[in-house]
Asks: 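One structure coming up, written as structure tokens, with questions to follow.
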Amino acid sequence: MAVYEEIQQFLAGRIWLRHVMPFPTEKIDEAIDQGWIQTMKGVIEKPTWHGKQYQCNRCLNENPSPFTIFQCAQCETTCAYCRNCLKMGRVSSCSELLVWTGQAPAYPTDHRMNWQGNLTPSQEKATNELLDSTKQGISHLLYAVCGSGKTEMLFQPIHYLLNEGKRVCLAAPRVDVILELLPRLQAAFPDTVIEALYGGAEVERFDAQLILATTHQLYRFHEAFDAIFVDEADAFPYTADETLQRAVKKAVKPSAPIHFVTATPSAQLLAMNKKQGNISILARRYHGKPLPEPRNETLWNYEKQLKKKRIPKKLLQWTKERLENQQPFLIFFHQIELMEIAEPLFQQLDERICAVHAEHADRKERVQMLRKKEIPGLLTTTILERGITIPNVQVAVVGAEQTIFNKGALIQIGGRVGRSVPHTAGDFVLFHQGITNAMDEAKREIRKLNKQEILQ
Ligand SMILES: [Zn+2]
Ligand SMILES: [Zn+2]
């Protein structure tokens, strides 16, 4: 393959640091001379009314606090680098960024879709609406309750785009979601070049037509995609981080649609799509049964009791019942520290009970063990609030009044219960020391969804 083509395949749609390009310098120089590659400074200074301000050309961050000013050995002057996108390799004032401006690569237009499942009439309706928006290039919000089968509703629009020779991205804020989606997409599109990008991923092909990526990875894209689907759009850190939202915008081609898929859209996302996009609502799970409503139970001084090496009575009772009935369970905690104090106490009931949080590398295996009934239950942080399905799982939240359990988090946590046939119901208990607005709001929204009254 000619070097031109290799560089084209690698760089098209990306914004890449010149000094880490895997090609000989003279070839890159040649491509620049030919006008196939445009260069730009990594960090620029922009004049403002109060002096000057830095801007990172990769992640577009202009907030002054994430810039570090240092004496640079490279350019031998005072240089600034951006900490906001530092994980993707350091971008500083004297580093050069490259974008591809040559011919766009041509992608295949004959993709096989190998998916045998059936869509319910409401899924069918939503997927057709999403397809229409995709064809018209209009952003679409797919507001679909937990367990409504939202991934399947993306297949048809993605298939349409692939067959048009378009490049597509499916982005999610969390790596767990990406890892969950990858095998499903690979199975649905067996002949399509698909790559998953996340921190530490082994990338084999740079010319993938369908890319699954954590939103962070989008810092390294530039007008690459003809459409992007943001899954779990309300999940941390996407909602909290403006630069990630900007990264999504700059990763798509100008005027390409950005679609959002979520069970718990923020008021802002709803308002935005009411104004300039389309919305489909799926208030029913694919099996047609209602979402489990939370029930509130007081649990006074749970923190103190756990620290005194006692499981509070109601929580102990609840756990024993699950063990006796052989129902798998998840118990959510607001804090790792408290969960780790609780872990050995629960292990006295059954030594196989264990805890998982974000730093546990083997949390996927532990979830798998719960699914296979090799362990009876898990203690967890909000890391398991979404993206997992365990048949017949029962869920408790300890300290539901804590601020980390906002409305969206509680709805997602409850969304783990009753997902699969035949266990379409289950217990969803909020142990608390005082009912919060978030608890009330979550309950109200679940009721509204069950009555199909949302947004009507
Ligand atoms: Zn940056
Ligand atoms: Zn420098």
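Atoms within a ligand are numbered from 1 in the order they appear, just like the ligands themselves. Hydrogens, waters and symmetry mates are skipped; everything else that's a heavy atom, side chains included, is used.
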Asks: Do the charged groups of K135 and E164 touch, with an N to O distance under 4.0 Å?
Replies: no

Asks: Is there a donor in the side chain of S93 and an acceptor in the side chain of Y54, or the other way round, less than 3.5 Å apart?
Replies: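 Judged by distance alone, the side chains do not pair up.
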
Asks: Determine whether the side chains of S95 and H19 contain a donor N or O and an acceptor N or O closer than 3.5 Å.
Replies: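 Note: S95 and H19 side chains miss the donor-acceptor criterion.
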
Asks: If we ignore hydrogens and angles and just use 3.5 Å, is the side chain of H259 paired with the main-chain N or O of H140 as donor and acceptor?
Replies: yes

Asks: Can you tell me if R386 uses its side chain to pair, donor with acceptor, with the backbone of A263 under 3.5 Å?
Replies: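 No.
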
Asks: Closer than 2.8 Å to the Zn ion (ligand 2): how many protein N, O or S atoms are there?
Replies: 4

Asks: Tell me whether R18 is salt-bridged to D29, with the criterion being a basic N under 4.0 Å from an acidic carboxylate O.
Replies: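 Yes, charged N to carboxylate O under 4.0 Å.
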
Asks: Please indicate whether Q71 has more than 12 foreign heavy atoms, meaning atoms of other residues, nucleotides or ligands, lying under 6.0 Å from its CD.
Replies: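 More than 12 heavy atoms, drawn from other residues, nucleotides or ligands, come within 6.0 Å of this atom.
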
Asks: Which atoms of the protein, restricted to N, O or S, are nearer than 2.8 Å to the Zn ion (ligand 1)?
Replies: C56 SG, C59 SG, C82 SG, C85 SG

Asks: Before giving the answer on side chain to side chain donor-acceptor pair (under 3.5 Å), spell out for N114 and Q116 the whole-Å C-alpha distance, their side-chain angles and the decisive distance to 0.1 Å.
Replies: CA-CA 7 Å; N114 184 19; Q116 312 298 348; 3.1 Å; yes

Asks: Please check if the side chain of R366 supplies one atom and the backbone of V356 the other of a donor-acceptor pair under 3.5 Å.
Replies: no

